[in-house]
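Source: prediction; values computed, not measured.
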Amino acid sequence: MKNIWKNIIIPLRRDFVPINRDSILSLNRMTKYNHKIIESKWQSYWAETDLYKTGEDKLRPKYYILDMFPYPSGVGLHVGHPKGYIATDIFARMKMMQGFNVLHPMGWDAFGLPAENYALKNKLHPRASTERNIETFKKQLYKLGFTYDWDREINTTDPEFYKWTQWIFIQMFKGGLAFESFEPIIWCPSCQTGLAMEDLEEGKCERCGSDVERKPMRQWVLKITDYADRLLYDLEKLPMWEESIKEMQKNWIGRSEGAQVTFGISDLGFGIEKKMCDLRFEVFTTRPDTLFGCTYVVLSPEHPLVGKMELGIGNWEEVKAYIENAKKKSDLERTELQKEKTGVKLEGVMAINPVNNEEIPVYVADYVMMGYGTGAIMAVPAHDERDWEFAKKYNIKIIEVVLGSDNIEEKAYSGQGRNINSDFLNGLETKQAKEKMINWLEEKGLGKRAVNYKIKDWVFSRQRYWGEPIPIIHCDKCGNVAVPEKDLPLRLPEVKHYEPTGTGESPLANITEWVNTTCPNCGGPAKRETNTMPQWAGSSWYYLRYIDPHNDKALVDKEKDKYWSPVDFYVGGAEHATRHLIYSRFWHKFLFDIGAVNYDEPFTRLQHVGLILAEDGRKMSKRWGNVINPDDVIEKFGADTMRMYEMFMGPFSQPCAWNTSSMTGIRRFLERVWKLSDKIRKEEINSSLISNFQFPISNKIQNSKSKINILLHKTIKKVGEDIEQFKFNTAISALMILLNEMEKEKEISIIHYSLFIILLAPFAPHISEELWSLLGKDESIFKQPWPQYDPEFVKEETITIAIQINGKVRDEVEVGVEISEDEIKKLVLGREKVVKWLDGKEEKKIIYVKGRLVSISL
Ligand code: ANZ
Ligand code: ZN
């Protein structure tokens with residue numbers, strides 16, 4: 001696979017670069033901007049000169065910038081993919097020019113269901129189709145002129161890579177974090193495999209949209225719940241992550257504090273006296289303060305207690321039918337707030353509210369899920385929306401116990417407030433009431449403080465072929481034994497038929513000569529585990545392997561990890577906010593705990609990519625026939641145009657619709673850039689300046705505060721800061737403004753011209769290299785230091801604003817011209833003199849007359 005370049009590298013065309021400086025101008029003038037010649041020429045130049053090889057130069061500060069690696073699908077790259085890659089490429093190029101040792105790698109996330117389904121459909125072996133797809137992707141990326149160091153390429157399906165995925169699994173197994181479980185799991189009947197909770201989208205299989213079932217099955221599970229608290233609290237260590245993504249992770253982890261309360265069942269209808277029989281159940285509640293308002297309880301249809309009480313339940317047939325029906329509903333159907341709540345009362349059965357020994361009815365209702373908390377709830381209709389609705393429907397008592405603004409006859413009040421109707425809690429605020437109730441329950445042995453998480457342990461086995469074999473051997477005598485590390489990688493056996501069996505067994509189970517093995521522990525006959533890992537396994541740690549891709553002693557050398565990690569900047573799709581980004585944080589923390597890596601969080605800064613929509617505003621899809629192929633765009637307009645256009649479409653993280661006419665605008669911009677050298681002051685062209693000037697050259701540019709000079713300094717500042725903040729669209733606008741102004745000049749200095757080209761280079765690297773070489777430079781423009789601006793030149797202009805209070809000028813303040821109305825009002829109200837004049841009074845009106853005065857009336 002490595003040799004793919006051999007086929008596509010175009011012979012180096014250095015001959016195109018004029019050696020003789022006299023020819024510069026004429027060449028430039030005569031040649032039309034021909035992107036095809038320029039782009040292929042510089043792509044091969046970069047590849048042959050190893051411009052992007054990342055060394056271990058520990059003297060320079062490092063910068064590790066990472067793209068979420070793609071799954072190489074059969075249809076190739078679409079224009080949405082490169083958006084993130086272009087951004088990181090621009091960023092990486094600027095960092096290189098700023099003197100950083102930049103690591104910017106690329107690889108392939110190639111195991112998993114989509115790859116296998118694609119291969120099945122096209123009657124190929126997944127290995128063959130994966131290899132072919134990777135080749136396509138690589139050619140496409142190459143044409144966009146990216147800075148990847150291909151010596152560090154990784155592929156999750158390469159045994160030398162997955163050896164370490166298996167190694168991590170084994171460490172987890174040894175640490176008790178990977179274990180076999182027999183709990184019912186989510187099963188997709190169409191993909192014929194078990195899934196993790198995370199693989200559902202709106203309750204359906206994310207891959208094929210089928211309704212999923214619950215199926216009792218043997219499975220491997222990773223105990224991510226052991227890390228739930230750290231995954232939650234360590235989000236605070238990540239100030240450079242977007243808030244929205246952190247919020248999604250918090251919700252996914254879903255930590256709730258509350259109490260577990262024990263309820264007893266009274267009177268099972270056997271004619272026994274009304275006393276507590278020894279049936280008990282627990283509920284989880286986040287509102288123990290509302291216990292006096294609990295007027296019924298609900299058991300989920302799957303709750304084991306229901307069956308145990310069969311003989312005592314007067315309406316068992318009705319209850320049984322309800323339970324059967326609930327099985328057919330998806331979790332989503334059951335939990336959706338808008339759906340009408342249903343349930344059945346258990347006739348002849350009562351529960352006892354432990355706090356006042358009142359008898360309350362017991363219901364089975366499917367709005368209570370077995371998979372959360374204890375699968376049973378104490379219902380407080382006055383203060384829980386769902387319970388309120390249910391109580392109204394079934395005529396259950398509603399007792400208000402928290403004083404709030406809402407009338408509980410009309411709806412539940414779920415806020416906080418003082419307790420009423422609550423005996424020893426009366427008069428307490430919610431927080432204190434919770435504490436007091438928990439203490440009371442603990443004292444009486446009727447309950448305890450409890451924490452509950454939405455996140456579930458990660459179902460980690462798949463009954464499909466195209467994944468990493470789980471490196472476990474089952475021995476009758478020794479139980480589950482890990483494959484010895486010296487035997488890794490445990491290779492995925494070659495097979496003819498890899499279709500899913502549909503029985504819940506992996507296709508690997510049919511390969512007897514692979515399955516039958518000997519126990520590494522006792523040497524007796526044993527069988528291999530035949531399940532494979534989910535598609536998320538390799539991506540949970542791949543970023544570490546780029547640091548040290550050829551190491552066969554460790555997954556990453558610890559010294560190298562120390563230098564390169566953590567990833568400074570990670571850019572990718574928002575759809576990975578929970579799964580991939582939680583899984584990889586989990587694995588990383590585990591690797592940190594066993595001493596395999598140096599830091600406990602993998603990604604310092606995170607940025608999500610806004611979708612590129614089709615021209616019609618819809619998602620690009622074959623179905624709508626609105627897909628734009630990057631190959632066509634590159635062919636017609638050039639890679640530089642496409643790169644700049646995708647960055648110019650709008651704010652980076654927002655969804656934006658493709659628009660061919662604005663792309664044409666970018667193309668025209670580059671054509672104008674192409675001609676800009678016409679303006680270079682003639683005498684400078686052949687003067688020694690060309691080869692002699694050095695950057696940074698702020699002091700070398702004439703110190704004149706000429707309009708163009710000031711604009712140039714401001715543009716240097718703006719472009720650098722905007723790239724740093726991923727505001728590419730405004731950076732490009734700044735370059736456009738600068739170009740406009742330069743075009744208006746009769747002549748421009750060669751230094752100004754060069755600086756413009758350098759600022760443009762990260763965005764449009766091919767044309768910039770070309771124009772740079774036309775100046776007679778032998779070295780890549782990316783070896784130039786990034787220009788610095790002179791702070792003297794970019795000082796914001798200021799204005800003086802008068803401050804009037806009740807019509808009289810009392811104060812004045814100097815502010816930047818660009819200050820906003822909100823900012824200046826805040827500033828003014830905080831000024832000492834103004835505070836004195838206000839003398840504690842609230843201002844009635846405050847008006848800002850732009851650029852002149854602020855008027856406050858009292
Ligand atoms: C009594 C109560 C009173 C509740 C009140 C809420 C308000 P979160 O915040 O999501 O953790 N609950 C507990 N287990 C459940 C299950 N398996 N299926 C459905 N609902 C369940 O939600 C915790 C609350 O959700 C719990 O607190 C419980 O209702 C309900 F004024 O208990 B509460
Ligand atoms: Zn054994």
- Would you give the length of the straight line joining atom OG1 of T54 to atom CG of D151, rounded to the nearest 0.5 angstrom? 9.0 Å
- Message: Assess, by modelled atom type and distance only, whether the side chains of Y85 and R643 contain a donor and an acceptor separated by less than 3.5 Å.
- Response: no
- Does the side chain of D457 come under 3.5 Å of the side chain of T225 through a donor N or O and an acceptor N or O? yes
- Can you say whether the rings of Y498 and Y465 are parallel (under 30°), tilted (30 to 60°) or perpendicular (over 60°)? tilted
- Item | Approximate separation, where rounding is to 0.5 Å, of S539 OG and L581 CG | 9.5 Å
- Residues D568 and T604: side-chain donor-acceptor under 3.5 angstrom: no
- Hey, what's the ring geometry for Y542 with Y570, parallel, tilted or perpendicular (30° and 60° as the breaks)? tilted
- Message: Are F652 and H608 an aromatic pair, judged by ring center distance below 6.0 Å?
- Response: no
- Query: In terms of side-chain geometry, is the basic nitrogen of K95 or E724 positioned less than 4.0 Å from the acidic oxygen of its partner?
  - Reply: yes
- Message: What I want to find out is whether D548 reaches K558 closely enough, with some N-O distance under 4.0 Å, to be called a salt bridge.
- Response: no
- Message: Would the distance check show the side chain of Q43 and the main-chain N or O of K143 forming a donor-acceptor pair, the cut-off being under 3.5 Å?
- Response: yes
- Query: Less than 6.0 Å separating the ring centroids of F569 and F91?
  - Reply: yes
- Task: Measure from the ring center of F592 to the ring center of F590 and say whether it is less than 6.0 Å.
- Result: no
- Task: Assess the side chains of R462 and Q535: does a donor N or O sit below 3.5 Å from an acceptor N or O?
- Result: no
- Between R579 and E206, does at least one N-O distance fall below 4.0 Å, as a salt bridge requires? yes
- Would you say the side-chain atoms of W541 and T165 include a donor-acceptor pair closer than 3.5 Å? yes
- Task: For the residue pair D561 and N598, confirm or rule out a side-chain donor-acceptor distance under 3.5 Å.
- Result: yes
Return a table of donor-acceptor pairs under 3.5 angstrom between the side chains of residues 484-492 and protein atoms on other chains or two or more places apart.
from	atom 1	to	atom 2	distance (Å)
E485	OE1	W167	NE1	3.2
E485	OE2	Q171	NE2	2.8
E485	OE2	K174	NZ	3.3

- With no hydrogens and no angle check, do the side chains of H104 and D67 hold a donor and an acceptor under 3.5 Å apart? yes
- Query: With the threshold set at 4.0 Å, does a side-chain nitrogen-carboxylate oxygen contact exist between K246 and E236?
  - Reply: no
- For Q219 and N531, test the side chains for any donor-to-acceptor distance below 3.5 angstrom and give the result as yes or no. no
- Should the pair K237-D600 be classified as a salt bridge under the 4.0 Å nitrogen-to-oxygen rule? yes
- May I ask you to check whether Y227 and D593 show a side-chain donor-acceptor distance below 3.5 Å? yes
- Query: Is the distance between the ring centroids of H588 and F603 under 6.0 Å?
  - Reply: no
- Message: Looking only at side-chain N and O atoms, does T193 offer a donor or acceptor that is under 3.5 Å from a partner on Q463?
- Response: yes
- Task: Consider only side-chain N and O atoms of N122 and R132, and report whether a donor and an acceptor are under 3.5 Å apart.
- Result: no
- Message: I'd like to know if the side chain of Q607 pairs up with that of W241 as donor and acceptor (distance under 3.5 Å, no hydrogens or angles considered).
- Response: no
- Query: In terms of the angle between their ring planes, are W220 and H474 parallel, tilted or perpendicular, with boundaries placed at 30° and 60°?
  - Reply: tilted
- Message: Can you confirm if the aromatic rings of Y583 and W458 lie within a centre distance of less than 6.0 Å?
- Response: yes
- Message: Just by distance, no angles: are the side chains of N133 and W108 close enough, under 3.5 Å, to form a donor-acceptor pair?
- Response: no
- For Y148 and D89, test the side chains for any donor-to-acceptor distance below 3.5 angstrom and give the result as yes or no. no
